[in-house]
A.B. asks: 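Here you go, one structure.
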Number of protein chains: 2
Amino acid sequence: MTDTNQPANDKYSLRSVGRALDVLVALGRDNAKGMTVAEIAEAIGVSKSTAFSLLQTLIAHGFVADSRIGGSRQYRLGTVLIHLGDQAASNIAISQTAMPVLHQLMEATGMTARLAILDEGYAVAIARVDAPGIFKLAPSLGRRELPHCSAVGKSLLAHIPQERVATLLSRIGLPRRTDRTITEPAKLIEDLALIAWRGYSVDDEEDNIGVLCVGAAIYERGGEAIAALSVTTLKLERGDIELAKLGATVRAHADRISQMIGGPTHAALKQGGGSR
Amino acid sequence: MTDTNQPANDKYSLRSVGRALDVLVALGRDNAKGMTVAEIAEAIGVSKSTAFSLLQTLIAHGFVADSRIGGSRQYRLGTVLIHLGDQAASNIAISQTAMPVLHQLMEATGMTARLAILDEGYAVAIARVDAPGIFKLAPSLGRRELPHCSAVGKSLLAHIPQERVATLLSRIGLPRRTDRTITEPAKLIEDLALIAWRGYSVDDEEDNIGVLCVGAAIYERGGEAIAALSVTTLKLERGDIELAKLGATVRAHADRISQMIGGPTHAALKQGGGSR
DNA sequence: TCTAGTTGTTCTGTTATACAGAACTTCATT
DNA sequence: AATGAAGTTCTGTATAACAGAACAACTAGA
């Protein structure tokens with residue numbers, strides 16, 4: 001499915017290290033129930049003894065936790081990763097300042113609010129505040145999401161140079177997720193222009209059926225979009241949604257964060273600097 | 001300072017893998033500003049070229065992100081770690097159920113609420129809800145904390161067999177953190193007995209000067225303590241704290257979680273099952 | 001209780017790999 | 001320009017990582 005077996009992507013890649021990281025990724029996929037040595041060996045394509053050595057090393061450093069259940073062992077992600085993940089998230093300076101605004105946005109809209117950045121062309125959520133209610137968004141912090149069919153992704157794409165957009169899209173493509181997904185580059189470019197103009201993006205069932213997201217970009221001092229804010233809701237839970245009003249709300253909150261870090265609001269950016 | 005250079009803790013440890021993990025840990029320490037190749041090489045005790053190879057591998061897998069600033073590069077933790085950390089945390093089943101109660105506890109007390117488990121004898125926070133206010137607790141999710149001088153740690157120690165406590169303490173020791181830290185095993189055992197009896201623990205400046213924590217254990221079906229809840233506050237911010245009342249509040253919230261997962265309340269446990 | 005079939009763990013020889021150091025390349029600063 | 005300090009590439013060699021097989025621990029079935 002995923003291209004796990006990259007044949008030495010870079011020539012300075014260390015095989016055993018790469019395999020150890022593969023183990024972590026594999027455990028991240030099947031984290032719920034834990035995995036056995038044999039399953040891990042199978043998953044990353046090495047012998048049992050090699051998988052065993054990798055696991056021993058990972059355990060010794062706290063990256064993997066093991067629990068014996070009878071004769072068999074279950075391996076799962078260790079707590080050190082919680083720490084590193086927390087550090088990596090707080091690393092991204094914006095998440096500190098944005099957190100209170102995320103709360104406000106959630107309370108203003110009653111929807112789950114998320115903060116995301118662009119990482120290697122993908123949209124990656126780095127913080128979230130859940131709306132109250134039965135339906136919770138799956139735990140998806142830090143996961144790479146397709147940029148062309150998510151509100152945060154489109155808001156970020158709308159504010160970077162066209163040629164970079166083209167490069168990213170040619171690399172990632174525009175995979176179809178639902179029958180509303182924009183799969184034509186020209187159509188997407190059109191949508192991005194609209195987003196850049198009005199200051200908010202809409203993902204209406206383009207990524208997941210029944211799910212609506214509205215996003216807006218956050219600008220740093222230079223006017224570049226470095227992050228995006230979004231709200232997510234199940235359309236079932238909301239009768240009629242006034243998109244223009246919701247868009248303005250999200251944009252206003254994004255503007256607030258932009259100003260906190262010394263950047264321009266969307267309106268100011270449209271007035272002054274070129275879109276470049 | 002820390003024992004990073006463990007000389008092949010287990011004999012099945014892979015050197016390059018261990019070094020790669022050391023890189024991640026090192027980046028986790030100095031995450032704010034990022035590190036250069038030379039700094040990393042220095043930190044983990046390898047040559048520049050080796051550090052370079054390790055970093056290339058980590059980057060190829062998204063575990064490390066790099067940003068060039070002029071001729072120099074800054075390496076920092078990558079977003080994949082945010083994902084793995086999120087998975088590792090949600091792995092621990094309790095964190096799902098406990099989250100709403102953490103919110104309630106924070107609102108009931110106005111203090112930062114945390115959920116922690118025992119990992120290799122150390123207390124490790126896996127979730128938290130911050131209190132509003134200027135002073136925020138440092139981002140400390142997933143970090144190993146000394147069990148003998150934290151509220152969550154003591155609550156957990158109070159409900160495991162004495163011999164295991166002895167084993168853990170002999171391994172970890174009772175390092176002094178402040179002049180109120182309990183450093184005598186006998187004194188700690190005494191405190192643990194009290195905690196088991198009344199159902200809540202108090203850390204009054206035993207770990208950090210000026211900081212007060214109150215914790216209570218969460219019990220699973222079998223009656224074993226699998227996690228602990230706590231509130232943390234700066235004593236400066238609160239005039240007088242009624243410990244008995246606060247302790248009862250924390251205990252009540254912990255009991256609620258215990259019941260949600262089919263376990264006994266503290267009162268029920270004291271009545272029925274032996275302390276074993 | 002014995003047997004068969006799991007699992008995880010240890011051992012071993014060989015190959016390929018990870019390593020340090022030196023050479024080379026960018027940049028920034030004087 | 002020239003110096004220095006970073007990152008990057010190259011290369012030979014020691015050794016570490018690997019697969020496979022043997023072994024041990026445990027489970028389930030007869």
Side-chain angles (χ1 to χ4, degrees), chain A residues 4-27 30 33-61 63-78, chain B residues 4-27 30 33-61 63-78:
Chain A
T4 317
N5 27 335
Q6 43 219 325
N9 200 335
D10 274 355
K11 59 177 170 174
Y12 292 107
S13 237
L14 308 183
R15 187 154 69 130
S16 56
V17 174
R19 287 173 165 180
L21 302 182
D22 284 342
V23 169
L24 293 178
V25 172
L27 286 173
D30 270 279
K33 52 184 195 298
M35 295 175 83
T36 68
V37 174
E39 283 170 346
I40 291 166
E42 163 76 27
I44 66 170
V46 298
S47 69
K48 252 194 326 180
S49 58
T50 300
F52 180 74
S53 292
L54 291 168
L55 284 168
Q56 289 306 312
T57 312
L58 289 165
I59 289 170
H61 288 252
F63 283 67
V64 166
D66 66 329
S67 50
R68 34 167 61 76
I69 299 180
S72 174
R73 263 175 199 273
Q74 295 291 100
Y75 294 92
R76 46 188 73 248
L77 297 175
Chain B
T4 316
N5 29 333
Q6 42 218 324
N9 199 335
D10 275 354
K11 60 178 169 175
Y12 292 105
S13 237
L14 308 183
R15 186 156 68 132
S16 56
V17 174
R19 285 174 166 179
L21 302 182
D22 284 343
V23 169
L24 293 177
V25 172
L27 286 172
D30 268 278
K33 52 185 196 295
M35 295 174 84
T36 67
V37 174
E39 283 171 345
I40 291 166
E42 164 75 26
I44 66 169
V46 298
S47 68
K48 254 197 318 183
S49 59
T50 300
F52 180 73
S53 294
L54 291 168
L55 284 167
Q56 289 306 311
T57 313
L58 290 165
I59 289 170
H61 288 252
F63 283 68
V64 166
D66 64 330
S67 51
R68 34 167 59 76
I69 299 178
S72 175
R73 263 175 198 273
Q74 295 290 99
Y75 295 92
R76 47 187 73 246
L77 297 175

A.B. asks: Mind checking if Ser53(B) touches a base, just sugar-phosphate, or nothing, with heavy atoms under 4.0 Å?
C.D. replies: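 The residue Ser53(B) makes no contact with any strand.
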
A.B. asks: Is there a side-chain polar atom (N or O) of Arg19(A) under 4.0 Å from OP1 or OP2 of dA17(D)?
C.D. replies: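 Arg19(A) to dA17(D) OP1/OP2: no side-chain N or O under 4.0 Å.
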
A.B. asks: Nearest to the side chain of Phe52(A), which nucleotide is it out of dT9(C), dG7(D), dG8(C)?
C.D. replies: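 Of the options given, the side chain of Phe52(A) lies nearest dT9(C).
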
A.B. asks: Per the side chain to side chain contact (heavy atoms under 4.5 Å, CB included) rule, which among Leu54(B), Leu58(B), Ile40(B) passes with Val64(B)?
C.D. replies: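 Running side chain to side chain contact (heavy atoms under 4.5 Å, CB included) over Leu54(B), Leu58(B), Ile40(B) with Val64(B) returns exactly one hit, Leu58(B).
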
A.B. asks: Can you tell which of dT9(C), dA19(D), dA20(C) lies closest to the side chain of Ser47(B)?
C.D. replies: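 For Ser47(B), the side-chain atoms sit closest to dA20(C).
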
A.B. asks: Answer yes or no: side-chain N or O of Ser49(A) and base N or O of dA19(D) forming a donor-acceptor pair under 3.5 Å.
C.D. replies: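 It does, because a donor-acceptor pair links the side chain of Ser49(A) to the base of dA19(D) below 3.5 Å.
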
A.B. asks: Going from CE on Met35(A) to CD1 on Ile44(A), what distance comes out if it is rounded to the nearest 0.5 angstrom?
C.D. replies: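 Reported value, rounded in 0.5 Å steps: 9.0 Å.
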
A.B. asks: Quantified as the angle between the terminal helix axes (five pairs each), what is the overall bend of the helix from dT1(C)-dA30(D) to dT30(C)-dA1(D) to 10 degrees?
C.D. replies: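 Here the local axes at opposite ends form an angle of 40°.
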
A.B. asks: May I ask you to decide if Leu14(A)'s main-chain N or O and Thr57(B)'s side chain share a donor-acceptor pair within less than 3.5 Å?
C.D. replies: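 Yes, Thr57(B) side chain to Leu14(A) backbone: donor-acceptor pair under 3.5 Å.
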
A.B. asks: Just how far, in rounded Å, is P of dA20(C) from CD of Glu42(B)?
C.D. replies: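 Whole-Å distance recorded here is 13 Å.
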
A.B. asks: Which value, rounded to the nearest 0.5 Å, describes the distance between Leu77(B) atom CG and Leu27(B) atom CG?
C.D. replies: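 These two atoms lie 5.0 Å from each other.
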
A.B. asks: What's the CG-C1' distance between Asp66(B) and dG7(D), to the nearest Å?
C.D. replies: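 Value for this atom pair: 11 Å.
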
A.B. asks: Using 0.5 Å steps for rounding, measure from the OG atom of Ser67(B) to the CZ atom of Arg73(B).
C.D. replies: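 Taking OG in Ser67(B) and CZ in Arg73(B), the distance rounds to 8.5 Å.
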
A.B. asks: In whole Å, what is the span from the CD1 atom of Ile40(A) to the C1' atom of dG8(C)?
C.D. replies: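 Interatomic distance, CD1 of Ile40(A) to C1' of dG8(C): 12 Å.
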
A.B. asks: Sequence neighbours excluded, which residues qualify as ring-ring contact (aromatic ring centres under 6.0 Å, His included) partners of Tyr75(B)?
C.D. replies: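 For Tyr75(B), no residue satisfies ring-ring contact (aromatic ring centres under 6.0 Å, His included) once neighbours in sequence are set aside.
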
A.B. asks: In whole Å, what is the span from the CE atom of Met35(A) to the P atom of dT7(C)?
C.D. replies: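 Going from Met35(A) (CE) to dT7(C) (P), I get 13 Å.
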
A.B. asks: How long is the line joining CG of Asp22(B) and C1' of dA18(C), in whole Å?
C.D. replies: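 In whole Å, dA18(C) C1' lies 16 Å from Asp22(B) CG.
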
A.B. asks: To the nearest 0.5 Å, what is the distance between CG (Leu21(B)) and OG (Ser16(B))?
C.D. replies: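 Leu21(B) CG to Ser16(B) OG: 9.5 Å, rounded to 0.5 Å.
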
A.B. asks: Whole Å only: how far is the CD1 atom of Ile44(A) from the P atom of dA19(D)?
C.D. replies: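 That distance rounds to 9 Å.
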
A.B. asks: Does any pair with a residue in residues 40-50 of chain A pass side chain to side chain donor-acceptor pair (under 3.5 Å), and if so which ones, sequence neighbours excluded?
C.D. replies: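 Passing the test, one end in residues 40-50 of chain A: Ser47(A)-Ser49(A), Ser47(A)-Thr50(A).
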
A.B. asks: Under the side chain to side chain donor-acceptor pair (under 3.5 Å) rule, collect the residues that match up with Thr36(B), sequence neighbours excluded.
C.D. replies: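 Here no residue qualifies.
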
A.B. asks: Indicate, yes or no, whether a donor-acceptor pair under 3.5 Å links the base of dG21(C) to the side chain of Lys48(B).
C.D. replies: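 No pair found.
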
A.B. asks: Respond yes when some side-chain nitrogen or oxygen of Arg73(B) is under 4.0 Å from OP1 or OP2 of dC27(C), and no when none is.
C.D. replies: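 It does not, given that no N or O in the side chain of Arg73(B) lies less than 4.0 Å from OP1 or OP2 of dC27(C).
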
A.B. asks: Using a cutoff of under 3.5 Å, can you pull out all pairs of nitrogen or oxygen atoms linking the protein to nucleotides 14-16 of chain D, with atom names and distances?
C.D. replies:
none

A.B. asks: Quick one: Glu39(B) CD to dG7(D) C1', roughly how many Å, whole number?
C.D. replies: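 Rounded to whole Å, this separation is 13 Å.
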
A.B. asks: Check side chain to side chain donor-acceptor pair (under 3.5 Å) between Arg19(B) and all other residues, then give those that pass, not counting sequence neighbours.
C.D. replies: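 If we apply the side chain to side chain donor-acceptor pair (under 3.5 Å) test to Arg19(B), skipping adjacent residues, there are no hits.
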
A.B. asks: Between P on dA18(C) and CG on Leu54(B), what's the gap in Å once rounded to a whole number?
C.D. replies: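 About 10 Å, once rounded to whole Å.
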
